[in-house]
2 protein chains.
Amino acid sequence: MPQLTVALDMMGGDHGPSVTVPAAAQALSLLPDLNLVLFGLEAELSPWLRRFQLDSHRRVCVQYCSQQVENEHKAAYALRHLTDSSMRNALDALASRRAQACVSAGNTGALMAMAMKTLSTLPGVDRPALITRMPQAGGGYALLLDVGANLNCGAGQLVQFALMGEQAARHILGISQPRIGLLNVGVEANKGNESVREAAQCLQQLQQTEGLHYSGYVEGDELFSGRVDVIVCDGFVGNVALKTSEGVARLLLGQRQQRGFLSKILTVWLKKRLSHLNPDQYNGASLIGLRASVVKSHGSAGSPAFLNAILQAVSEIEHDLPASIAHRFDTAPRDSHAR
Amino acid sequence: MPQLTVALDMMGGDHGPSVTVPAAAQALSLLPDLNLVLFGLEAELSPWLRRFQLDSHRRVCVQYCSQQVENEHKAAYALRHLTDSSMRNALDALASRRAQACVSAGNTGALMAMAMKTLSTLPGVDRPALITRMPQAGGGYALLLDVGANLNCGAGQLVQFALMGEQAARHILGISQPRIGLLNVGVEANKGNESVREAAQCLQQLQQTEGLHYSGYVEGDELFSGRVDVIVCDGFVGNVALKTSEGVARLLLGQRQQRGFLSKILTVWLKKRLSHLNPDQYNGASLIGLRASVVKSHGSAGSPAFLNAILQAVSEIEHDLPASIAHRFDTAPRDSHAR
């Protein structure tokens, strides 16, 4: 197999092939070294492939399958019964090393369950985390994890997220000593629930023993402040925080059509400032902690956003994030991030 | 005592009397029927009272005390040891019916613990909830609860929040049949943690038996969409969602000073659109489910925001929200909102 190969679940998300096929075509034209393996239902996928001339593209391999995962499917059901789905086949392509990364806009719970089954987690990692970038006031990004893969997290899991996030910030953001914050309802030591307070104690220890740069608690209004590079929380809280910021962006980008010349200028200006909070523009959370890179695209993503998710997968292959996380867990003492 | 009396904790928040005294003076000049009972440390409070001529105002009663609650204080410590604090005395004034509502910008955990101790909850309510308004895309507001008083909530508590929020929306928003949503990480029935899924089942039952208008799950990006009038969640998630929306507003209102004429116009326009997400402009969450109204002002509130919190307390006295919630819990079957 060639070096740079990404497996794509063409059926996931709200729009399916009408969004994923144009994005795939554009990725191929942007990156001359990229190879794609596409998975989907023939009846829906093949007309779009013909339309974008991907049915006979020399860097594209198409594999039709008989099932697809819907948003309504429970993870356990998908795991047991949807073994010939486009999602499962795309992950199997990673497990068999036919591809080095995979992108899906489908059901997060099913993606998580199937990825754990087919790829398994890295040694020391109990469960993968979903990580995404947040724009910061001074420019640049911070990483937020978990944003929806693990709804109830104990302290040990939060500590594992911190170690994974630290490596991700090194490789994705290029920050040599990332500052780690724990998302909480206040910054004082007595604030928060038990998991968060216990995780804070572990991270303080790791700061002394492992050189981790722990910056204490951060509140919701500091998610964009630039005070830390990695923000750690459980998946319920992270998912709500991420989607809330998208909701504010949509509220401002405006419900009603703007009338008048000045209003139109203002809206364009605002859209530019909000672009990184607008899910139609930015995209792509990654499941990290697995033996290969799995990128979760937003379910409502349009073609430009799905294209961004593919580019993110390529970037993770180039940085070999799984190997880097494996190395971090290999050197940090096991009991410090035990469950 | 006269009819309309509000007790004010003058020491709470980041700025103390320098913020609370000007706000009190303005409230008195706006509302000719309003009486205030002010609680604080003499050394800090009295110079400000003299400066704003409140030391001899005929509608003001000042009561000096010897302690104040700091943000670092644990709730249990405050409850046991800070019995002559400005916060505790303001709540005691409610318990003794010297005032009908109270406002504090102090430590939320201590306020919650002291309020439960001095006022106790209404029959059927296990714990009070902190509720606040969120601006909606189509204009108007929705109510979000809990935003930080209860960090871990079981299904029964979430159901109680729904019933309290329903009454609050009737009285505060003037909506006769409020639509209730449960905040979750997805809208499909299988999404979310156990508490949320169990609460959803109870609310579906109450829809049939009690005429509650349950609208299902809402995600973070729908907090401002206008789809529901009341959004129910646990206090950790609600606090992060609220502060995240404030963080986005601050990110946009801009870190750097805007240069140039057009940039200045744009910033003014944006500030106007964001005013209800900016904690310096709007203010005031209420602890509901108690036998009297307790308004929690934002800790970083300036004078205009603290004034808003006082006006909110007055409005809650006029609507007699506690009596209305008591009535709702009296008529709804007890087992439907059991713990």
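Among residues two or more places apart in sequence or in another chain, the salt bridge (charged side-chain N to carboxylate O under 4.0 Å, His left out) test is passed with B:Asp9 by none. In this structure A:Gln201 satisfies the side chain to side chain donor-acceptor pair (under 3.5 Å) test with no other residue, sequence neighbours excluded.
Between the side chain of B:Arg127 and the backbone N or O of B:Gly289, no donor-acceptor pair lies under 3.5 Å. A distance-only check finds no donor-acceptor pair linking the side chain of A:Glu222 to the backbone of A:Arg227 [under 3.5 Å]. For the pair A:Asp146 (side chain) and A:Ala149 (backbone), a donor-acceptor distance under 3.5 Å is present. Distance alone, capped at 3.5 Å, places no donor-acceptor pair between the B:Ser85 side chain and the B:Val69 backbone.
Proximity to chain B among residues 230-238 of chain A is limited to A:Gly235, A:Phe236, A:Val237, judged by heavy-atom separations below 4.5 angstrom.
The parts of B:Asn71 that come within reach of chain A are both its backbone and its side chain, each placing non-hydrogen atoms under 4.5 angstrom from that chain. Interface residue A:Leu183: backbone and side-chain heavy atoms are both found under 4.5 Å from chain B. Within the 4.5 angstrom heavy-atom criterion, no atom of A:Val147 approaches chain B. Proximity to chain A involves both the backbone and the side chain of B:Asp221, based on heavy atoms less than 4.5 angstrom apart.
The list of side chain to side chain donor-acceptor pair (under 3.5 Å) pairs with a residue in residues 181-194 of chain B, not counting sequence neighbours, reads B:Glu188-B:Lys191.
Taking the six-membered ring where the residue is Trp, A:Tyr77 and A:His73 present parallel rings, their angle staying beneath 30° rather than reaching 60°.
When each of B:Leu223, B:Val240, B:Val196, B:Val185 is checked for heavy-atom pairs under 4.5 Å with chain A, B:Val185 comes out on top. When the candidates B:Ala241, B:Ser225, B:Gly220 are compared by the number of heavy-atom contacts under 4.5 Å with chain A, B:Gly220 comes out ahead.
Side chains of A:Leu79 and A:Met114 form a contact here, defined as non-hydrogen atoms less than 4.5 Å apart.
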